[in-house]
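Okay, so here's the structure we're looking at.
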Amino acid sequence: MARPPLAAMPEQEMLAIETRALSRRFEGRHGVHGLALEVPSGSVYGFLGPNGAGKTTTIRLLLALLRPDEGEVRIFGQRLAWNDRRALRDVGSMVETPSLYPHLSARENLEVTRRLLDGARAHIDEALAIVGLSAEADRRVRDYSLGMRQRLGIALALLHQPRLLVLDEPTNGLDPAGIVELRTLVQRMASEFGITVFLSSHLLSEVEQIATHVGVLHQGRLLFQGTPQALRAQYGDPLTIRCGDVRAVCASLVGLGEVPLALDAHTVSVNAPRRADHEINRRLVEQGHAIHAFGRSPRSLETLFFELTGPGAGA
Ligand SMILES: Nc1ncnc2c1ncn2[C@@H]1O[C@H](COP(=O)(O)OP(=O)(O)O)[C@@H](O)[C@H]1O
Ligand SMILES: [Mg+2]
């Protein structure tokens, strides 16, 4: 399908990243296969998957650090060619740990890169301010915490004032306080500076609160892509029944054609459609079960993520 020219496309409809049939195989079945990523401009996109799913491989393909076997990458509508990095002009990235000079200050580290980029001096102060390191800018990086180093890495990635920031597992190795800081930083970059942020993680809990969109990768394939709300809606919330005799209630549910799951000695969970609630309730009471609580409890995204990618998934 033909796309309208870039200028004619409203900003909110533009995709910051789009891949089509993107594949890169390694030995065996490893790699990524037929990826169709759609990262809306202005979004915070959480790219989720367990270790080994292919997140770093994907990111290296997005940054032309790795050559695809098939497919294409578009950045803000512009096709990325393997040997021509012009489409990456508006992209800043941090893949794994940033390489920093420990004996130099944060400001000096930024200055080294600024000279290479031939950027404006003012961009250093702006980048430091965004990542919240202005007050510590003249301390040697050797004395920085891991969280501060990560933020300095992001400042380096922001130095040429990109519209899209790609971060590979930026919370890796951070303590809980560092994770909160990073989350706040990502939110500010998106809301105050309009930067689209694409970040990978193997922990949904880390991106759940900030992602406007999520993609779930498992064994190199995209299992889901959309808003966290859509992810929840697609899988629905299970019916949870608190009762006196789990075994008897399970037997009755099986009799009703359901597939119950005993969660503990007093709780049963069923993935029945919501319209069946009334009928299930009536039948259980009719059969004399003691029902203490009956209702839909929101399934955490964490549970969904585990169901999508955990043992036995995608087999
Ligand atoms: N250069 C490579 N050569 C061979 N196999 C690779 C290479 N890079 C990654 N892989 C394999 O591809 C799979 C995905 O790796 P990776 O993209 O690093 O996953 P993730 O970042 O999600 O943990 C893994 O099984 C990994 O061993
Ligand atoms: Mg990785």
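In this chain, numbering begins with 1 at the start of the sequence shown. Remember, it's 1-based here, ligands and their atoms both numbered in the order they're listed.
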Is a side-chain donor-acceptor pair under 3.5 Å present for His123 with Gln161? yes
Got a sec, which residues hit side-chain hydrogen bond (donor to acceptor under 3.5 Å, both in side chains) with Asn281, two or more places apart in sequence or on another chain? none
Side-chain ion pair, Glu206 and Arg183, N-O less than 4.0 Å: no
Pairing residues for Tyr45 by the ring-ring contact (aromatic ring centres under 6.0 Å, His included) criterion, not counting sequence neighbours: Phe198
Atom 26 (C) of ligand 1 protein-contacted, heavy-atom criterion under 4.0 angstrom: no
Polar contact flag for Glu27 and ligand 1 (N/O pairs, less than 3.5 Å): no
What atoms of ligand 1 come within less than 4.0 Å of a heavy atom belonging to Asn51? 23 (O)
Test of proximity, Phe26 against ligand 1: N or O pairs below 3.5 Å: no
Could you tell me whether His30 approaches ligand 1 through its side chain, its backbone, both or neither, with non-hydrogen atoms closer than 4.0 Å? side chain
Which is closest to atom 23 (O) of ligand 1 in terms of heavy atoms, Gly52, Ser200, Gly31, Ala53? Gly52
Side-chain donor/acceptor of His292 to backbone N/O of His266, under 3.5 Å: no
Closest non-hydrogen protein atom to atom 15 (O) of ligand 1, residue and atom name please, with distance? Thr57 OG1, 3.8 Å
Does the side chain of Thr267 come under 3.5 Å of the side chain of Arg242 through a donor N or O and an acceptor N or O? yes
Salt bridge flag under 4.0 Å for residues Asp84 and Arg86: yes
Considering only protein heavy atoms, which is closest to atom 18 (O) of ligand 1, and at what distance to one decimal place? Thr56 CB, 3.8 Å
Candidates Arg24, Arg20, Arg25 - the one meeting salt bridge (charged side-chain N to carboxylate O under 4.0 Å, His left out) with Glu70: Arg25
Could you check atom 19 (O) of ligand 1 against the protein and tell me its nearest heavy-atom contact, residue, atom and distance included? Gly54 N, 3.1 Å
Around the Mg ion (ligand 2), how many protein N, O or S atoms are found at less than 2.8 Å? 1
Is Glu111 paired with Arg107 through a side-chain N to carboxylate O contact shorter than 4.0 Å? no
Stacked cation flag Arg163 on Phe76, 6.0 angstrom / 45 deg: yes
Output a table of donor-acceptor pairs, distance under 3.5 Å, between side-chain atoms of residues 52-66 and any protein atom two or more places apart or on a different chain; print 'none' if there are none.
unit_1	atom_1	unit_2	atom_2	d
Lys55	NZ	Gly49	O	2.8
Lys55	NZ	Pro50	O	3.1
Lys55	NZ	Glu169	OE2	3.4
Thr56	OG1	Asp168	OD2	2.7
Thr58	OG1	Gly54	O	2.7

Tell me whether Thr58 has any N or O atom under 3.5 angstrom from an N or O of ligand 1. no
